[in-house]
**Q** 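Okay, here's the structure, questions in a sec.
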Amino acid sequence: GQTPLFPRIFGHEAGGIVESVGEGVTDLQPGDHVLPIFTGECGECPHCHSEESNMCELLRINTERGGMILDGESRFSINGKPIHHFLGTSTFSEYTVVHSGQVVKINPKAPLDKVCIVSCGLTTGLGATLNVAKPKKGQSVAVFGLGAVGLGAAEGARIAGASRIIGVDLNSKRFEEAKKFGVTEFVNPKEHNKPVQQVIAEMTNGGVDRSVECTGSVQAMIQ
């Protein structure tokens with residue numbers, strides 16, 4: 001954030017069980033299994049009703065906010081001194097307090113230690129591909145970075161019916177796992193003496209139809 005707040009409890013990805021609910025919360029109850037989501041949804045604003053945006057006017061990503069929406073106050077403290085919240089979730093804690101619009105109910109049979117990455121990483125890549133890149137059936141897609149976000153992006157390309165899904169990563173060991181998510185070809189930039197975009201252009205007779213960058217690296221974005 002522009003004005004870092006400390007001390008605060010970080011973390012934006014998790015799985016958990018509702019311990020209690022506040023007044024006015026009707027769609028959740030104690031015992032529900034949930035995923036906290038740092039891109040919350042009030043369900044009522046124009047952004048929440050739009051198919052083009054998920055930047056909720058009430059619960060949009062705000063790194064400056066250190067407390068709850070209702071009163072701006074923190075729900076965390078130690079020895080009487082407040083500890084700030086982070087992205088409305090603060091998941092690096094055994095217990096956290098969140099707005100009801102920042103959790104989504106899931107099947108209680110789903111293992112929480114596995115589905116926790118669905119609360120951020122996997123859905124980010126999947127949604128970016130299906131909702132923003134929108135590859136058409138038979139097109140080619142390059143995915144830069146094959147971590148959780150990249151695997152989600154590859155899965156999105158597979159669901160969309162892409163004919164070629166080219167994974168790009170500096171770690172060649174990731175290719176085998178990536179095949180399970182639809183990656184058909186793999187490029188490790190370190191194994192080539194030319195820019196990776198040139199390698200991909202040669203592989204595809206001019207370039208891919210869509211590319212999704214999942215590393216956060218400015219260099220990868222330029223490529």
**Q** Contact between I61 and R65 at the side-chain level, heavy atoms closer than 4.5 Å - yes or no?
**A** no
**Q** Does E202 come within less than 4.0 Å of K194, counting only side-chain N to carboxylate O?
**A**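 Result for this pair is yes, salt bridge flagged.
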**Q** Do L112 and H33 make a side-chain contact, defined as non-hydrogen atoms from C-beta onward lying under 4.5 Å apart?
**A** yes
**Q** Compare every heavy atom of V208 with every heavy atom of V141, then report the nearest pair and how far apart it is.
**A**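 Heavy atoms only, the tightest pair is C-CG1, 4.2 Å.
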**Q** May I ask you to decide if the ring planes of F76 and H85 are parallel, tilted or perpendicular, using 30° and 60° as cut-offs?
**A**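 It falls in the tilted class, 30° to 60°.
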**Q** Checking the side chain of H99 only, and the main-chain atoms of G101 only, is there a donor and an acceptor separated by less than 3.5 Å?
**A**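 Yes; judged by distance alone, with no hydrogens or angles, the pair exists.
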**Q** Charged N to carboxylate O below 4.0 Å: is that the case for E177 and K180?
**A** yes
**Q** Does C116 have any side-chain contact (heavy atoms from CB on, under 4.5 Å) partners at least two apart in sequence or in another chain, and if so, which?
**A** none
**Q** Quick one: pull up CE in M55 and CZ in R60 and give me the separation to the nearest 0.5 Å.
**A** 5.0 Å
**Q** Could you check whether any side-chain N or O of T124 sits under 3.5 Å from a backbone N or O of V149, counting only pairs where one atom can act as donor and the other as acceptor?
**A** no
**Q** Does the side chain of E213 pick up a donor-acceptor pair with the side chain of S211 at under 3.5 Å?
**A**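 There is no such pair (donor and acceptor under 3.5 Å, judged by atom type) between the side chains of E213 and S211.
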**Q** Taking the six-membered ring of F175 as reference, does the cationic atom of K173 (NZ for Lys, CZ for Arg) lie under 6.0 Å from its centre and within 45° of its axis?
**A**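 No - K173 does not lie over the ring of F175 by the 6.0 Å and 45° rule.
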**Q** Assess the side chains of E64 and T3: does a donor N or O sit below 3.5 Å from an acceptor N or O?
**A** yes
**Q** Check whether the ring centres of F92 and F10 lie less than 6.0 Å apart, and answer yes or no.
**A**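 No, they do not, as the ring centres are separated by 6.0 Å or more.
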**Q** Please find the pair of heavy atoms, one from C42 and one from C48, that lie closest to each other, and give the distance.
**A**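 What the structure gives for the nearest pair is N-SG, 3.5 Å.
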**Q** What are the two closest non-hydrogen atoms of K105 and V34, and how far apart are they?
**A**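 Smallest interatomic distance, heavy atoms only, reads CA-CG1, 4.0 Å.
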**Q** If I compare all heavy atoms of N188 with all of N171, which pair ends up nearest, and what's the gap?
**A**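 Where N188 meets N171 most closely, the heavy atoms are ND2-N, 4.3 Å.
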**Q** Do T63 and L87 come close enough that some side-chain heavy atom pair is under 4.5 Å?
**A**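 Contact flag for T63/L87 side chains = yes.
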**Q** Side chain of T129, backbone of A154: donor and acceptor closer than 3.5 Å?
**A** no
**Q** Using side-chain heavy atoms (C-beta onward) and a distance below 4.5 Å, is C214 in contact with V143?
**A**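 Side chain of C214 against side chain of V143, heavy atoms only: contact under 4.5 Å found.
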**Q** What's the shortest heavy-atom distance between G43 and H49, and which atoms?
**A** O-NE2, 3.3 Å
**Q** Determine whether the side chains of H84 and S74 contain a donor N or O and an acceptor N or O closer than 3.5 Å.
**A**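 On atom types as modelled, these side chains do not qualify, holding no pair under 3.5 Å.
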**Q** Within a strict 4.5 Å, meaning less than it, do heavy atoms of the L130 and I159 side chains meet?
**A**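 Yes, side chains in contact.
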**Q** Side chains of L122 and L126, heavy atoms from C-beta outward: is any pair under 4.5 Å?
**A** no
**Q** For the side chain of S163 and the backbone of G138, is there at least one donor-acceptor N/O pair under 3.5 Å apart?
**A** yes
**Q** Does atom CG (N205) have a neighbourhood of more than 12 heavy atoms from anything else shown, all under 6.0 Å?
**A**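 Incorrect, the count does not exceed 12.
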**Q** Compare all side-chain heavy atoms of F38 with those of N62 and state whether any distance is below 4.5 angstrom.
**A** no
**Q** Rounded to the nearest 0.5 Å, how far does CD1 of I9 lie from OG of S93?
**A**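 The OG atom of S93 sits 4.5 Å away from the CD1 atom of I9.
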**Q** Of all heavy-atom pairs between V103 and P36, which one has the smallest distance, and what is that distance?
**A**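 Heavy-atom minimum between the residues: CG1-CA, 3.9 Å.
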